[in-house]
Undergrad: 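Here you go, one structure.
Note that this is a predicted model, so its numbers are computed, not measured. The chains referred to below are lettered A, B, ... by the order of the sequence lines, with proteins before strands, and numbering in each begins at 1.
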Number of protein chains: 4
Amino acid sequence: MTDLREPARARASSAKRQRLMRAAAEVVHRQGAERTTIADIARAAEVPVGNVYYYFKTKDELVAAALSEHARRLGLLTERLDRLPEPRERLKGLIEGWVGQRDLAARFGCPTGTLAAELGKRDEGGLDAEAGAVIRLLLGWVERQFREMGLPDPGDLAITLVGAYQGMSLLANALREPQIMEREGARLLAWLDALPGG
Amino acid sequence: MTDLREPARARASSAKRQRLMRAAAEVVHRQGAERTTIADIARAAEVPVGNVYYYFKTKDELVAAALSEHARRLGLLTERLDRLPEPRERLKGLIEGWVGQRDLAARFGCPTGTLAAELGKRDEGGLDAEAGAVIRLLLGWVERQFREMGLPDPGDLAITLVGAYQGMSLLANALREPQIMEREGARLLAWLDALPGG
Amino acid sequence: MTDLREPARARASSAKRQRLMRAAAEVVHRQGAERTTIADIARAAEVPVGNVYYYFKTKDELVAAALSEHARRLGLLTERLDRLPEPRERLKGLIEGWVGQRDLAARFGCPTGTLAAELGKRDEGGLDAEAGAVIRLLLGWVERQFREMGLPDPGDLAITLVGAYQGMSLLANALREPQIMEREGARLLAWLDALPGG
Amino acid sequence: MTDLREPARARASSAKRQRLMRAAAEVVHRQGAERTTIADIARAAEVPVGNVYYYFKTKDELVAAALSEHARRLGLLTERLDRLPEPRERLKGLIEGWVGQRDLAARFGCPTGTLAAELGKRDEGGLDAEAGAVIRLLLGWVERQFREMGLPDPGDLAITLVGAYQGMSLLANALREPQIMEREGARLLAWLDALPGG
DNA sequence: AATGAATGAGTTTTCATTCAT
DNA sequence: AATGAATGAAAACTCATTCAT
């Protein structure tokens with residue numbers, strides 16, 4: 001009775017599109033892009049298969065949508081972390097976030113990393129580049145924190161930190177051992193603390 | 001006409017089996033397990049499609065064969081490295097090997113790591129465990145070197161080193177930047193040198 | 001605000017209907033009935049897809065509309081030609097009109113002829129008969145000219161002339177050679193001139 | 001018991017491929033390329049749908065196969081006609097062949113002509129050119145006969161004759177009147193007889 | 001009348017696996 | 001052991017038509 005007059009159609013459509021994006025992100029994370037069928041995503045989003053194509057013209061567009069959903073979530077996370085006063089604290093918050101996801105990571109890996117690995121095997125479509133772009137978002141944010149700390153080669157440090165995350169996710173996943181995330185997370189926190197800078 | 005025919009069947013079969021394993025390793029590395037068809041592997045191995053099933057009863061067995069081919073190669077590498085007198089030198093040799101593969105890694109990632117990531121999304125077949133086992137081989141060897149160096153927590157150190165390798169491979173691949181392998185490789189070498197122990 | 005709104009609905013509907021008919025004629029000529037989607041026509045007519053069904057209940061009705069649009073255009077042409085005093089001149093005008101369309105014909109064939117050929121393969125819906133009817137309009141008009149010239153078997157002559165047109169259009173189209181229209185057109189003009197009669 | 005030792009596989013495969021080509025030619029002639037499904041052709045050839053793709057990788061290849069089947073049949077016809085001593089007699093034989101097919105033509109048009117018209121609406125795939133090539137085969141043969149008769153502009157005469165055939169087929173088809181084929185056939189025979197030359 | 005969205009049946013295509021020699 | 005061929009179950013995608021306002 002309150003917002004009923006807002007454009008119902010646009011709302012519904014938007015909502016469905018969002019549902020599809022989220023379902024795509026989830027299902028693709030769990031099953032991989034190749035093993036995920038449109039029907040899987042449609043089912044997860046509770047949308048009839050035929051209707052999916054009204055919102056996304058091809059399966060690749062849905063995979064791209066999954067990627068931007070991950071980018072969006074990354075944006076939400078960094079936005080929250082940006083409220084912390086110290087860059088070092090922000091980075092530590094990031095790592096704690098990673099460790100907090102250890103069970104999911106040990107089961108399915110990093111959503112963006114595993115997707116990038118899978119898409120990297122293609123030589124058409126350009127989806128691989130889109131996956132790379134999402135990872136670059138993360139790298140960029142991390143680099144900014146290191147720069148703000150006044151450290152030299154913040155780009156390299158970002159590669160090291162994000163690389164460690166990707167590596168520990170992959171190992172935790174391959175060995176199905178969430179504890180790897182904990183141990184490596186602790187090591188990274190200590191490493192951060194040992195770094196000089198503000 | 002004398003000894004040439006004796007083990008003809010066995011020999012031929014063995015040779016073909018090997019060709020198929022190697023082809024599987026190569027093609028799966030480049031295309032991913034899911035996007036690789038039996039026909040792709042057969043073509044690469046120059047074996048008629050129908051004949052593949054004489055050697056491997058299912059596609060999964062071929063993927064497993066690709067994994068053991070990677071394990072075999074890892075074995076060859078560590079065997080060679082084991083001839084070095086110092087464990088620290090062996091580890092440095094390992095890292096140099098990784099960096100030497102930077103272009104391949106930047107294009108297709110680590111063969112075992114990307115395969116493990118892909119297979120990790122399955123919940124049937126147990127191939128994921130086999131991928132994990134290959135990675136464990138590497139971890140075990142690395143751990144032995146650290147232990148031989150007399151360092152505490154050699155298992156954790158192995159996770160850190162191998163994790164760094166997986167992470168830098170993934171980033172190099174996702175961003176298509178082989179230099180990442182060089183820079184991170186240099187960092188790892190310096191880290192090794194800075195470690196105490198024999 | 002006075003008379004502008006009176007027949008607003010009818011007027012608007014009429015205009016849209018006409019736009020749709022014309023778009024259907026054009027697009028179907030270029031793409032063929034089967035390859036043309038309702039959305040194609042809607043887009044060309046700048047009418048929202050859902051709205052098309054207000055004016056035409058089925059796709060077949062739209063194809064029929066394309067046919068009557070062609071009939072209408074034929075009517076305009078013959079009306080204009082009918083102002084010429086001599087039937088022979090009218091027929092020559094007709095041929096000149098065909099030749100004038102040589103580039104379009106070489107690209108897409110005769111609009112009615114190719115549509116008749118396509119619809120002729122159906123055995124339901126009766127659209128094939130409607131296509132035949134449009135061709136009969138042309139044949140009838142041509143026959144009247146020959147009759148007015150006092151020639152025997154004017155119906156057969158009409159078949160010959162219109163058949164020559166359809167044949168040259170098809171060949172020009174199949175070979176993508178507009179010159180065929182010119183050469184055959186010239187031959188037909190000479191043939192007409194050589195015929196006896198007023 | 002006679003030819004049993006000929007390579008059974010090759011024979012079977014060849015036979016099936018031929019069956020598919022013939023089925024494609026027939027069904028596409030009757031239904032048009034666009035309205036014909038792979039399943040239609042498979043059914044007509046009594047081949048399981050999935051197996052069709054062993055012989056033809058795409059539907060377009062099947063349509064191309066239909067075209068070359070028509071070319072093959074044209075070759076058989078002209079080969080037979082070439083045994084006639086006089087080029088004029090050969091051409092008359094050609095026309096008689098056309099008239100002999102009047103019922104089929106009145107129902108479905110000229111197989112090659114209608115297919116060319118349909119394919120001419122595409123702008124990708126190059127099938128339109130293949131259709132044109134088949135028509136060129138016919139034009140070339142006809143032109144050779146006119147040339148052998150010592151007539152000037154044999155190419156133009158060929159266009160006129162083949163054009164008349166295509167036109168009369170189209171009209172007979174559009175109006176569903178086989179008699180058109182007869183009347184126009186008779187006219188063409190008379191026209192041929194009236195031409196000078198050997 | 002108008003319109004974005006929804007629906008579902010149909011079509012092409014792929015491919016692991018099996019079959020028949 | 002070897003091999004071309006066969007099979008059938010998916011899967012992506014299309015589109016006429018209908019629906020809900």
Undergrad: Have a look at Y55(D) and tell me which of Q18(D), K16(D), M21(D) forms a side-chain contact (heavy atoms from CB on, under 4.5 Å) with it.
TA: K16(D)
Undergrad: Using a strict 4.0 Å threshold on nitrogen-to-oxygen distance, state whether E46(A) and R19(A) make a salt bridge.
TA: no
Undergrad: On the nucleotide dT3(E), are OP1 or OP2 found under 4.0 Å from the side-chain N or O atoms that N51(C) carries?
TA: yes
Undergrad: Identify all stems in which DNA chain F takes part, counting only runs of at least 3 consecutive pairs (Watson-Crick or G-U wobble, each distance under 3.5 Å), and give each as one range with another, ordered by first number.
TA: E:2-21 with F:2-21
Undergrad: Under a 3.5 Å distance rule, please check whether T37(D) uses its side chain to pair with a backbone N or O of D40(D) as donor and acceptor.
TA: yes
Undergrad: Starting at atom NZ of K16(D), determine the distance to atom P of dG4(F), rounded to an integer number of angstrom.
TA: 16 Å
Undergrad: Using the salt bridge (charged side-chain N to carboxylate O under 4.0 Å, His left out) rule, collect all pairs that involve residues 57-67 of chain C, keeping only residues at least two apart or in two chains.
TA: D60(C)-R122(C)
Undergrad: Would you say Y55(D) places a side-chain N or O within less than 4.0 Å of OP1 or OP2 belonging to dA5(F)?
TA: no
Undergrad: Side chains of F108(D) and T114(D): closer than 4.5 Å at any heavy-atom pair?
TA: no
Undergrad: Where the side chain of E118(B) meets the backbone of A33(B), is there a donor-acceptor pair that is under 3.5 Å apart?
TA: yes
Undergrad: Spell out, as yes or no, whether a donor-acceptor pair under 3.5 Å connects the side chain of H70(C) to the backbone of A131(C).
TA: no
Undergrad: Which pairs, protein N/O on one side and nucleotides 12-15 of chain F N/O on the other, fall under 3.5 Å?
TA:
unit_1, atom_1, unit_2, atom_2, d
dA12(F), OP1, I38(A), N, 3.4
dA12(F), OP2, I38(A), N, 3.2
dC13(F), OP2, K59(A), N, 2.8

Undergrad: Please report, rounded to the nearest Å, how far the C1' atom of dT3(F) is from the CZ atom of F56(B).
TA: 18 Å
Undergrad: From CG of D40(C) over to P of dT17(F), roughly how many Å is that when rounded to an integer?
TA: 14 Å
Undergrad: Is any side-chain N or O of Y54(C) closer than 4.0 Å to OP1 or OP2 of dA2(E)?
TA: no
Undergrad: Just wondering, do L67(A) and L119(A) contact through their side chains at under 4.5 Å, heavy atoms?
TA: yes
Undergrad: Can you name the residues that form a side-chain contact (heavy atoms from CB on, under 4.5 Å) with A24(D), not counting sequence neighbours?
TA: I41(D), L62(D), A66(D)
Undergrad: Provide, to the nearest angstrom, the distance between the CG atom belonging to L62(B) and the C1' atom belonging to dT17(E).
TA: 12 Å
Undergrad: Listed in order of residue number, which residues of residues 114-131 of chain B have a non-hydrogen atom at under 4.0 Å from DNA chain F?
TA: none
Undergrad: If only atom types and distance count, is the side chain of R107(B) paired as donor or acceptor with the main-chain N or O of G120(A) below 3.5 Å?
TA: yes
Undergrad: Run the side chain to side chain donor-acceptor pair (under 3.5 Å) test against E69(C) and tell me which residues pass, sequence neighbours left out.
TA: R72(C), R73(C)
Undergrad: Just how far, in rounded Å, is C1' of dT7(F) from CD of E46(D)?
TA: 17 Å
